[in-house]
Amino acid sequence: VRMRYAIEEVPLGTGGAIRNAAELFPSESVAVFNGDVLTDFDLSDVIKFHSDRSSIATIALMEVPSPHPFGILLLEPDGRVREWLEPSEEKKKALAIDSDIMPTGKDFINAGLYILSPECIDRIPANAPSSVERDIYPKIISENGPIYGIAPGGFWMDVGRAEQLMEATQAILGKRVHTAVGGMAIGEGTCIDPTAWINGLTSIGRNGSIGQGSRIENSILMDNVSVGANVRLSGVIVDENVTIGDEVVIEGRGFGGRVPVISAGTSLGRGSRFHP
């Protein structure tokens, strides 16, 4: 993959960052992706939709239960965006951590994938912080500019918290999202004792080791993790360079609740027990 980097000397927000990166592609339409989203949307369908409607900006959408911590888009029957409702950062945080809120309906949300024409990019101030969600899109919509939304269908999830990382990993390994990843994910250089048991929804990084009789299920082990003998790990994320002694037991709640995270560089002594 050939890559070029657009460096921000100071934080520019979502709008300024797009304008900064798009300088590498003058007079071209660009595809923009949020970096913390897992999806298998068909990009070619979104690009065709954008082109067919001569859109200034096309926003990929996802239908989700309401309430939620995402921006809501209200559409005309042809997909043209009539209104953009972006929640405050405080409301986003409150909704993101409150798992007990009862659904009250369905909304189309901004899925973090855009096709932007040069005209849209030119509307973003250069070398200045701005937000496409709060500053750029609402202004174009208020001027009746042609911004459209499309719900391509397929898998989509935001990956910003430990519980979401666990669910995203298991979605990939469980084939709920279309990716090039095969079955069980085990990194190069990792050694696993033949008597260990590891289920197919576990991901293990590079240069690790799994000891005799250990059992690991529904977990994520990063690079350079050493697991001793007769260890039990379930529903846990283990950061890199962690040493887990013999007979350690860590049981998480899975992605239905809080996921235990063992910080990088931690050493857990023999026989340690951790339960939710």
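Scope of the values below: all heavy atoms of this structure, side chains included, with no hydrogens, waters or symmetry mates. Just so it is clear, the structure is predicted and the values come from calculations on it, not from any experiment.
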Can you tell me how far CD of E119 sits from CZ of R123, rounded to the nearest 0.5 angstrom? 5.5 Å
Could you tell me which non-hydrogen atom of R19 sits nearest to which non-hydrogen atom of D122, and how far apart they are? NH1-O, 3.7 Å
Which pair of heavy atoms, one from A264 and one from D239, lies closest together, and at what distance? N-CB, 3.3 Å
Heavy atoms only: give me the nearest H178-D40 pair and the separation to one decimal. N-OD2, 3.0 Å
In the structure I gave you, are the side-chain heavy atoms of M62 and F108 within less than 4.5 Å of one another anywhere? no
Which atom names give the shortest non-hydrogen contact between W156 and N110, and what distance separates them? CZ2-O, 4.4 Å
Same cluster or not: are I59 and V46 linked, directly or through other Ile, Leu, Val, Met, Phe, Trp or Tyr residues, by side-chain heavy atoms under 4.5 angstrom apart? no
Establish, from distance only, whether the side-chain atoms of T202 and E217 form a donor-acceptor pair under 3.5 Å. no
Any non-hydrogen side-chain atom of E133 less than 4.5 Å from a side-chain atom of T14? yes
Should the pair Y148 and F49 be assigned to parallel (<30°), tilted (30 to 60°) or perpendicular (>60°) ring geometry? perpendicular
Check whether any side-chain heavy atom of L12 lies under 4.5 Å from a side-chain heavy atom of S130, and answer yes or no. no
Can V249 be reached from V236 by stepping across I, L, V, M, F, W or Y side chains whose heavy atoms are under 4.5 Å apart? no
With a 4.5 Å limit on heavy-atom distance, are the side chains of L173 and S203 in contact? yes
Report yes or no: do S263 and T266 form a side-chain donor-acceptor pair below 3.5 Å? no
Which atom names give the shortest non-hydrogen contact between A229 and S214, and what distance separates them? C-OG, 3.6 Å
Among I186, I198, V227, I244, exactly one meets side-chain contact (heavy atoms from CB on, under 4.5 Å) together with L221. Which residue is that? V227
Rounded at 0.5 Å granularity, tell me how far CD1 in I250 sits from CZ in R232. 12.5 Å
To the nearest 0.5 Å, how far apart are CH2 in W84 and CG in L74? 11.5 Å
Any chance you could lay out the salt bridge (Lys or Arg N to Asp or Glu O under 4.0 Å) test for R270 and E247, step after step, and finish with the verdict? CA-CA 6 Å; R270 177 173 182 164; E247 301 173 6; 3.2 Å; yes
Measure the shortest side-chain to side-chain distance between N34 and L113 over non-hydrogen atoms and say whether it is less than 4.5 angstrom. no
Considering only heavy atoms from C-beta outward, does the side chain of R176 approach that of E167 to under 4.5 Å? yes
Just wondering, do P152 and D42 contact through their side chains at under 4.5 Å, heavy atoms? no
Verify ring pair (Phe, Tyr, Trp, His ring centres under 6.0 Å) between Y137 and Y114, making sure each step is shown before the conclusion. CA-CA 11 Å; Y137 294 149; Y114 315 132; 5.3 Å; yes
Any side-chain heavy-atom pair of I141 and E83 under 4.5 Å: no
Using the side-chain contact (heavy atoms from CB on, under 4.5 Å) rule, pick out the option among S29, C120, P118 that qualifies with I56. C120
Could D135 and K139 be called an ion pair, given the rule that one side-chain N must be under 4.0 Å from one carboxylate O? no
Compute whether any side-chain donor of one residue and acceptor of the other, for N207 and D223, lie under 3.5 angstrom apart. no
Quick check: is L116 connected to I150 through a chain of hydrophobic side chains (ILVMFWY, heavy atoms under 4.5 Å apart)? no
Shortest non-hydrogen separation from G16 to I124 and the atoms involved: N-CG2, 4.1 Å
